[in-house]
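What follows is a single structure, written as structure tokens, with notes after it.
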Amino acid sequence: MTSPATAPSERSGAAPGTRPSAGTRPSPGTRPSAGTRPPADTRPSVAGGLAHAPWGLYLAVAFALLLLVAVIAPQLLTTHLPTAVDYGAALQPPSWAHPFGTDESGRDLYTRVVWGARDSLTIGVGAAAVSIGLALILGTLAALGVKPVAVVVDRFVEILFTFPALLLALLLIAIAGPSAATQVLAVGVGTAPGYARMIRGQILGARNSGYVEAATALGHSRWRIVRAHILPNALRPLVAVFALSIGQSIVWASSLSFLGLGVAPPASEWGALLDAGRAYLTTAWWLVVIPGLVIVAVALAATTIGRHIQARLEKGERS
């Protein structure tokens, strides 16, 4: 009979100090030794690791504040006007006098990028609000509506989801014509089906949870359960989703402007700058590269902030 003090290696028949093979599993009650390291975290990084790095979050927040200043008071960041023409300085490369270079009319590209932040972010935030608002209505009806309504809405969302978002946006612009308002509506409607499916899943998960069953057993009304338990818990992630959708909406809106279906010239919206600069790509690369990098930086900053908010919310739910 083996005594309780017998070491695990002796019970398994291995010599003392011998490590178990890679395929050997420890017994259920066995604790790892003091020198054993936990397995490395192999989960993929989020937003290139920026959401988990403090410096990445700080850079994203600082960049977001800079964009806010550009939207509210662009004259604090530049003393030039975005429409000031100087044909003698046309197509100059980036320099101390013109950090981003000049366009074909001699207009300072840095000034146009700064003033274009108002148009681009207004379209991006507006499209994100339309997308989340429409998705909230459709997702809630599909999850909590009476059965005929829920089935119809669910099938409608599935049909919309089968179409690419860009195709839906192009269809709306073809009907209503290119403009800033149409761009907001087109991007919002085009990206709404995916968020509607997510919201529907969140609500269904909350409806089948234990606290809802407990509230039902206590005799609470359906409206009270929906208002006090289902919606607050199911819609909490929307804060992070809204931040993430802003970056996505800016990218989609810039894509439409690049195709000539957005804000008309001489507006300095970032997608319109890309559209105007592609004719000079081989001779003036800065007209395309710099606005493109700004769009990427904005999308990355929005994604980093949204992922951080999402991680904090998930941490709060676990605690």
Side-chain angles (χ1 to χ4, degrees), residues 44-48 51 120-145 149-176 181-208 230-259 261-262 271 295-296 298-311 313-314 317:
S45 58
V46 179
S120 299
L121 292 179
T122 299
I123 292 173
V125 174
V130 171
S131 177
I132 297 298
L134 183 60
L136 181 60
I137 295 174
L138 295 176
T140 303
L141 289 176
L144 299 177
V149 175
V151 170
V152 171
V153 173
D154 195 21
R155 296 297 176 266
F156 177 70
V157 172
E158 289 181 356
I159 292 173
L160 291 180
F161 192 73
T162 58
F163 290 94
L166 183 60
L167 182 60
L168 287 176
L170 291 174
L171 179 61
L172 288 175
I173 292 178
I175 295 174
T182 307
Q183 202 170 5
V184 170
L185 183 62
V187 175
V189 173
T191 56
Y195 295 126
R197 288 168 62 93
M198 183 204 70
I199 292 173
R200 176 182 176 274
Q202 289 286 120
I203 294 177
L204 291 178
R207 191 180 65 178
N208 298 326
I230 296 180
L231 291 182
N233 289 280
L235 304 183
R236 187 181 303 170
L238 284 185
V239 179
V241 171
F242 181 74
L244 294 171
S245 64
I246 291 176
Q248 181 188 19
S249 299
I250 290 175
V251 172
W252 280 112
S254 299
S255 301
L256 293 174
S257 296
F258 180 75
L259 297 174
L261 301 175
I295 294 171
V296 172
V298 172
L300 185 59
T303 302
T304 301
I305 295 173
R307 293 296 187 188
H308 179 75
I309 296 174
Q310 185 180 32
L313 292 174
E314 291 176 353
E317 290 177 357

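Reckoned from all heavy atoms, side chains included, excluding hydrogens, waters and symmetry mates. Keep in mind that this is a model prediction, so the values were computed, not measured.
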Query raised in the report: Taking C-beta and beyond as the side chain, do I123 and V187 meet within less than 4.5 Å on heavy atoms?
Result: no
Query raised in the report: Can you find a pair of side-chain heavy atoms, one from V125 and one from F242, that are under 4.5 Å apart?
Result: yes
[atom2] on [Y] to [atom1] on [X], rounded to 0.5 Å:
X: L256; Y: L172; atom1: CG; atom2: CG; answer: 10.5 Å
X: L138; Y: R197; atom1: CG; atom2: CZ; answer: 12.5 Å
X: L238; Y: I132; atom1: CG; atom2: CD1; answer: 6.0 Å
X: S255; Y: I295; atom1: OG; atom2: CD1; answer: 7.5 Å
X: L204; Y: L144; atom1: CG; atom2: CG; answer: 7.5 Å
X: L231; Y: Q202; atom1: CG; atom2: CD; answer: 12.0 Å

Between [X] and [Y], which heavy-atom pair has the shortest distance, and what is it?
X: A186; Y: I173; result: CB-CG1, 3.9 Å
X: L160; Y: L168; result: O-CD1, 3.9 Å
X: V189; Y: P193; result: O-CD, 3.3 Å
X: I203; Y: G139; result: CD1-O, 4.2 Å
X: A135; Y: A192; result: CB-O, 3.6 Å
X: S257; Y: G262; result: OG-CA, 3.7 Å

Query - Distance-only donor-acceptor check, side chains T191 and Q248, under 3.5 Å - result: no
Requested in this report: Only pairs at least two apart or in different chains count here, so list each salt bridge (Lys or Arg N to Asp or Glu O under 4.0 Å) that has a residue in residues 198-208.
Outcome: D154-R200
**Report entry** Heavy-atom donor-acceptor pair, S131 side chain to A127 backbone, under 3.5 Å
**Finding:** no
Report task. With sequence neighbours excluded, give me every side chain to side chain donor-acceptor pair (under 3.5 Å) pair touching residues 156-175. Result -> none
